[in-house]
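A short write-up of the structure that comes next.
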2 protein chains.
Amino acid sequence: MNTHSNTLRRATIKEVAEAAGVSRSTASRALSGTGYVAENVRSRVRQAAKELGYVVDATARSLKQQSSRLIGVLVSDLRNAFYSAFAAGAAHACRSEGYTMVLLDDRGHGDEETSAAETFVALRVAGVVGTPVSATLSEYLGRHRIPLVEADRRFSEASVSAVVVDNRAAARATTEHLLALGHRRIALLLDETAWTTGRERAAGYADALRAAGHDVDPTLTVPTGWDVDAASAASRTLLQRDDAPTAVFAANNLLAEGAWRAAADLGISIPDQLSLVAFDDAPWMSMVKPGITAVSQDAEAVGAAAVASLIAELRGTQRAPRTVTIPTRMIHRGSTAIATRR
Amino acid sequence: MNTHSNTLRRATIKEVAEAAGVSRSTASRALSGTGYVAENVRSRVRQAAKELGYVVDATARSLKQQSSRLIGVLVSDLRNAFYSAFAAGAAHACRSEGYTMVLLDDRGHGDEETSAAETFVALRVAGVVGTPVSATLSEYLGRHRIPLVEADRRFSEASVSAVVVDNRAAARATTEHLLALGHRRIALLLDETAWTTGRERAAGYADALRAAGHDVDPTLTVPTGWDVDAASAASRTLLQRDDAPTAVFAANNLLAEGAWRAAADLGISIPDQLSLVAFDDAPWMSMVKPGITAVSQDAEAVGAAAVASLIAELRGTQRAPRTVTIPTRMIHRGSTAIATRR
DNA sequence: CAGCGCTATGACATCGTTCCCACATCGTAG
DNA sequence: CTACGATGTGGGAACGATGTCATAGCGCTG
């Protein structure tokens, strides 16, 4: 390349202007493409910029323009495939719209969420998308007038846009599938009942039972912790009860893994002795035998849609809080069968 | 909160200073903690900042200080568990050292890598860690004097620091394990031979064979593409040969998945008819039956170490390019057995 | 040829922060 | 009593980019 790397300091627009024999203003106009610039001057400035290896200083530009091309993305746990797929979708959407993603991982802690919000404010991001763990995210950002799009679950339905899946309908359909197979004692493994995801999945489950004329047995709704081990332990207890369920509906991929491991440990055969359905598909579910029937939610699409929605708001294309629902798809594999006595 | 959100504009340090009855300089000193400030003044300023909901403008600070607290992180594909774990480790390390991560995903494309580098330069990041796909990353950043730490694989050994695993030794140990079980026709599935990871894994494989007095059959080293389907197709062909291998060593988790699916499709039983070992562990490997024996590399640790190494360089604690090697661990499950004729 | 509109350019202020100085006060050593 | 270091504070100049505004040349119309 013909880049002059002999200077220690980075090239500024002033140097580009001098090299091209014009003023800073003209150089700025030539590079950004706004305002009048003669064609030959423009190419002269472009050439000078290229030769000097000039790259605009985004910090200076942001300061002057009082807005940045950064989008803050907050997820709960990057190691979880759901969130990493979400982040991948968000990253791609940001990039294709000319924004840069600042990704933070709050590890599910409320206090980290607050400090993440502070970081976003300090960076003067144009907007934020995130999977919140409380309403503080939207409150804090709202106070600083930074647009937010909540994803996966909602905490501030009235005031901010969101991208979610229809948890209730999907959970209802799943439960109906199990009911149709003759199951009556269907357990529901839940992670977090304070979140809309958990609440709505439970509601859909209850809808299906009630619509079929059955009562909801509260002892069959089991809130476990957040990790596979906790889910596995809870499942063990559940499956060893005298009135053990004949089917388990796990509300996320981690819970499904826990339930699956518990069944394997106890020598309970799927689907002969136990039917298992998961909310949220994962790669392993198509590799084990039998495959696990699951409600697949396209986390990448959720991330991309959340960013798209945010950018639409930034552009002023769309004003009022809006909710986008990403469709789910039920993938039938072999983990459910007609209910039998155990 | 007692935050005055009645102002439309965000509070600046000037407003904080006025509210506390001091000058901007003093306010700045009080908040940043550098230089002389009387204790009562300091707390008065802090209080004023709190009441106004003041958050420092990182763009203005970066501009003035000519350095930011941002670290650029570049990965190849966030949807791949290896990279998302890497990003999770990097995110955590950044945060705990007071840096903020800017995460970019080049989807394995060289041209996206260049534009990612440009983005990092524009943002004036303090440094970059990444899993490069070519030497252009280090060249570009080097030209702009931005420190880089290469992770997972290397392209610029002489000039930049790196965090890797000992691919050669691990591949050799894996191959030796298969040799010890009596396997002689051992296939090696590779992704990318232009990368140090692929080259070194191949070298370790060859080391083991040669040390045991065997020739390396070039037809048994199969470079497949990047996705599961390609690996599966290549494996199919391989396993249907007259002189099919009795063992397959897959150089990453995607290749292992492809090989596993091919074997399942062809009705080839693991480990009776085929032994399978993977480089890079994945969740499904402990869930299928039998479990897949794998070389586990702690991608999270690699990400964290890369950031730690970068920050050490930024602090000047450590100068010369340095290579950190993260240990691998071989996890024996049930996918290998004594070689038998097929 | 006066007047107008359009193209084209540069001077200069500005964004919010930091930090180098100059300056002020006070206590104390010489 | 003066000089000096230590402590504390404020004025003002940067950092690099943008954008407003003033200015000027030019072609055209009436």
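In what follows, chains are A, B, ... by sequence order, proteins preceding strands, each numbered from 1. A quick note: this is a predicted structure, and the numbers were derived from the prediction, not measured. Below, each value reflects all heavy atoms present in this structure, side chains not excepted, and no hydrogens, waters or symmetry copies.
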Contact list for residues 19-40 of chain A, test salt bridge (charged side-chain N to carboxylate O under 4.0 Å, His left out), sequence neighbours left out
A/Glu39-A/Arg42

Which residues pass the side chain to side chain contact (heavy atoms under 4.5 Å, CB included) test with B/Ser43, sequence neighbours left out?
none

Under 3.5 Å, sequence neighbours excluded: what are the donor-acceptor pairs made by side chains of residues 80-95 of chain B?
unit_1  : atom_1 : unit_2   : atom_2 : d
B/Asn80 : OD1    : B/Phe82  : N      : 2.9
B/Tyr83 : OH     : B/Arg153 : NH1    : 2.7
B/Ser84 : OG     : B/Ala81  : O      : 3.3
B/Arg95 : NH2    : A/Ser115 : O      : 3.3
B/Arg95 : NH2    : A/Ser115 : OG     : 2.7
B/Arg95 : NH2    : A/Thr119 : OG1    : 3.3

Atom pairs under 3.5 Å: protein N/O with N/O of nucleotides 3-8 of chain C:
unit_1 : atom_1 : unit_2  : atom_2 : d
C/dT7  : OP2    : A/Tyr36 : OH     : 2.5

With sequence neighbours excluded, residues passing side chain to side chain contact (heavy atoms under 4.5 Å, CB included) with A/Glu157:
A/Arg154, A/Thr196

Taking N or O atoms only and anything under 3.5 Å, show me the protein contacts with nucleotides 15-18 of chain C, one pair per line.
unit_1 : atom_1 : unit_2  : atom_2 : d
C/dC15 : O3'    : A/Gln66 : NE2    : 2.8
C/dC15 : O2     : A/Lys64 : N      : 3.4
C/dG16 : OP1    : A/Gln66 : NE2    : 2.9
C/dG16 : OP1    : B/Arg9  : NH2    : 2.6
C/dG16 : N2     : B/Ala60 : O      : 3.4
C/dT17 : OP1    : B/Tyr54 : OH     : 2.6
C/dT17 : OP1    : B/Asp57 : N      : 3.4
C/dT17 : OP2    : B/Ile13 : N      : 2.5
C/dT18 : OP1    : B/Arg61 : NE     : 2.8
C/dT18 : OP1    : B/Arg61 : NH2    : 2.8
C/dT18 : OP2    : B/Ser28 : OG     : 3.0
C/dT18 : O2     : B/Lys64 : NZ     : 3.2
C/dT18 : O4     : B/Arg24 : NH2    : 3.3

Going 5' to 3' along DNA chain D, which nucleotides are the first and last within contact of chain A (any atom under 4.0 Å from a heavy atom)?
D/dG16 to D/dG19

Please table the atom pairs, donor to acceptor, closer than 3.5 Å between any side-chain atom in residues 65-75 of chain B and protein atoms at least two apart or in another chain.
unit_1  : atom_1 : unit_2   : atom_2 : d
B/Ser68 : OG     : B/Leu70  : N      : 3.2
B/Ser68 : OG     : B/Arg124 : O      : 2.9
B/Arg69 : NH1    : B/Tyr99  : OH     : 3.3
B/Arg69 : NH2    : B/Glu97  : O      : 3.4

Going by salt bridge (charged side-chain N to carboxylate O under 4.0 Å, His left out), name the pairs with one or both residues in residues 78-87 of chain A, residues two or more places apart or in two chains.
A/Asp77-A/Arg79, A/Arg79-B/Glu300

ring-ring contact (aromatic ring centres under 6.0 Å, His included) pairs, two or more places apart, involving residues 20-74 of chain A:
none

Pull out every protein N or O sitting under 3.5 Å from an N or O of nucleotides 24-27 of chain C, one pair per line with the distance.
none

Taking five pairs at each end, how big is the angle between the two axes of the helix from C/dC1-D/dG30 to C/dG30-D/dC1, to 10°?
60°

